[in-house]
There are 2 protein chains.
Amino acid sequence: MGQSHISNNVRNLRFNHHEMTQQQLADQVGVTRQTIVAIEKGKYSPSLELAFRIARVFKLPLEDVFTYEGADSTNK
Amino acid sequence: MGQSHISNNVRNLRFNHHEMTQQQLADQVGVTRQTIVAIEKGKYSPSLELAFRIARVFKLPLEDVFTYEGADSTNK
DNA sequence: ACACAATGTAACATTTAGTATACATAGTGT
DNA sequence: ACACTATGTATACTAAATGTTACATTGTGT
């Protein structure tokens with residue numbers, strides 16, 4: 001799949017709504033800290049499962065954490 | 001990540017709410033038919049981006065199409 | 001100044017998502 | 001019986017997500 005048009009506010013959620021370190025979040029969702037770093041930095045977007053897990057930590061619907069900035073609905 | 005606890009009703013949506021073939025859905029979201037087959041058959045769950053795209057085709061929130069049957073909220 | 005915790009970065013390995021191609025089966029229409 | 005369309009399956013390949021390890025930076029407390 002092409003370059004992801006997905007943004008997220010994991011970083012803000014981690015700070016503002018919850019006091020939580022990258023490592024803690026990583027532990028809670030069962031990945032390594034590097035994965036959280038990569039997601040926050042926008043290096044790639046998580047798998048669907050991981051996205052669900054992260055959203056659940058913040059007790060938010062997935063679409064409140066991750067946003068798809070849909071490019072084209074009408075295909076080539 | 002472990003074995004996905006994610007289910008979806010792409011198949012039903014494709015039939016009931018929209019008259020749509022696997023190939024058509026694949027075209028609209030920009031993947032091959034095999035990918036749709038694999039998702040419907042539960043061979044693997046889509047990337048977050050693809051999940052968003054599919055949900056958009058059905059004009060539904062992502063969580064109406066894909067469901068995470070969270071195993072453990074309380075981590076090890 | 002030193003230790004320590006949180007974060008950023010980078011190379012490489014492994015696993016999983018998605019592609020490409022090909023063939024099989026079931027249903028429908030002629 | 002034949003052609004056609006939609007679906008299922010399989011194998012081999014590529015690309016992206018995640019892991020592993022290791023080191024650098026920045027801020028805080030003592």
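Chain letters run A, B, ... following the sequence lines, proteins first and then strands; every chain starts at 1.
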*Asks:* Distance check needed: D/dA15 C1' versus B/Y44 OH, whole Å only.
*Replies:*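 Computing the B/Y44:OH to D/dA15:C1' distance gives 12 Å.
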*Asks:* Using atom CG of B/L50 as one end and atom C1' of D/dA16 as the other, report the distance to the nearest whole Å.
*Replies:*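 Checked: the CG to C1' distance equals 13 Å.
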*Asks:* What is the distance from CG of A/L25 to P of D/dT18, rounded to the nearest Å?
*Replies:* 13 Å
*Asks:* C/dT25 P sits how many Å from B/Q22 CD, rounded?
*Replies:*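 After rounding, the gap between these two atoms is 18 Å.
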*Asks:* Choose from C/dA20, D/dG8, C/dA17 the nucleotide whose nearest atom is closest to any side-chain atom of B/E40.
*Replies:*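 Nearest listed nucleotide: D/dG8.
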*Asks:* By nearest atom, which of the nucleotides D/dT7, C/dT19, D/dT21 is closest to the B/R33 side chain?
*Replies:* D/dT7
*Asks:* Can you tell me how far P of D/dT7 sits from CG of B/N12, to the nearest Å?
*Replies:*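 Going from B/N12 (CG) to D/dT7 (P), I get 13 Å.
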*Asks:* When rounded to the nearest 0.5 angstrom, what distance separates CD in B/Q34 from CD in B/Q22?
*Replies:*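 CD of B/Q22 is found 8.5 Å from CD of B/Q34.
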*Asks:* Strictly below 4.0 Å: does B/Q34 bring a side-chain N or O up to OP1 or OP2 of D/dT11?
*Replies:* no
*Asks:* CG of B/N9 to CG of B/L13: how many Å apart, nearest 0.5 Å?
*Replies:*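 Interatomic distance, B/N9 CG to B/L13 CG, rounded to 0.5 Å: 4.5 Å.
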*Asks:* For B/K43 and D/dT9, what is the distance between atoms NZ and C1' respectively, to the nearest whole Å?
*Replies:*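 Atom NZ in B/K43 sits about 7 Å away from atom C1' in D/dT9.
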*Asks:* Between the side chains of A/S7 and A/E69, does any donor sit under 3.5 Å from an acceptor?
*Replies:* yes
*Asks:* If only atom types and distance count, is the side chain of A/N8 paired as donor or acceptor with the main-chain N or O of A/I39 below 3.5 Å?
*Replies:*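 Indeed, once roles are kept as given, a pair shorter than 3.5 Å links the two residues.
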*Asks:* Has B/T21 got a side-chain N or O lying under 4.0 Å from the OP1 or OP2 atom of D/dT7?
*Replies:*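 Yes, because at least one side-chain N or O of B/T21 sits under 4.0 Å from OP1 or OP2 of D/dT7.
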*Asks:* So what does A/T35 touch, heavy atoms closer than 4.0 Å: a base, only the sugar-phosphate, or nothing?
*Replies:* sugar-phosphate
*Asks:* Do B/E40 side-chain atoms and B/V10 backbone N/O form a donor-acceptor pair below 3.5 Å?
*Replies:* no
*Asks:* Find the distance A/Q23:CD to C/dC4:C1' and express it as a whole number of Å.
*Replies:* 15 Å
*Asks:* On DNA chain C, nearest-nucleotide positions of B/L48 versus A/V37: which is more 5'?
*Replies:*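 Nearest nucleotide further toward 5': that of A/V37.
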*Asks:* C/dG18, OP1 or OP2 - any side-chain N/O from B/S47 closer than 4.0 Å?
*Replies:* yes
*Asks:* Rounded to whole angstrom units, what separation is found between the CG atom of A/D27 and the P atom of C/dA5?
*Replies:* 15 Å
*Asks:* Between D/dG8, D/dT18, C/dT7, spot the one nearest the side chain of A/R11, thanks.
*Replies:* C/dT7
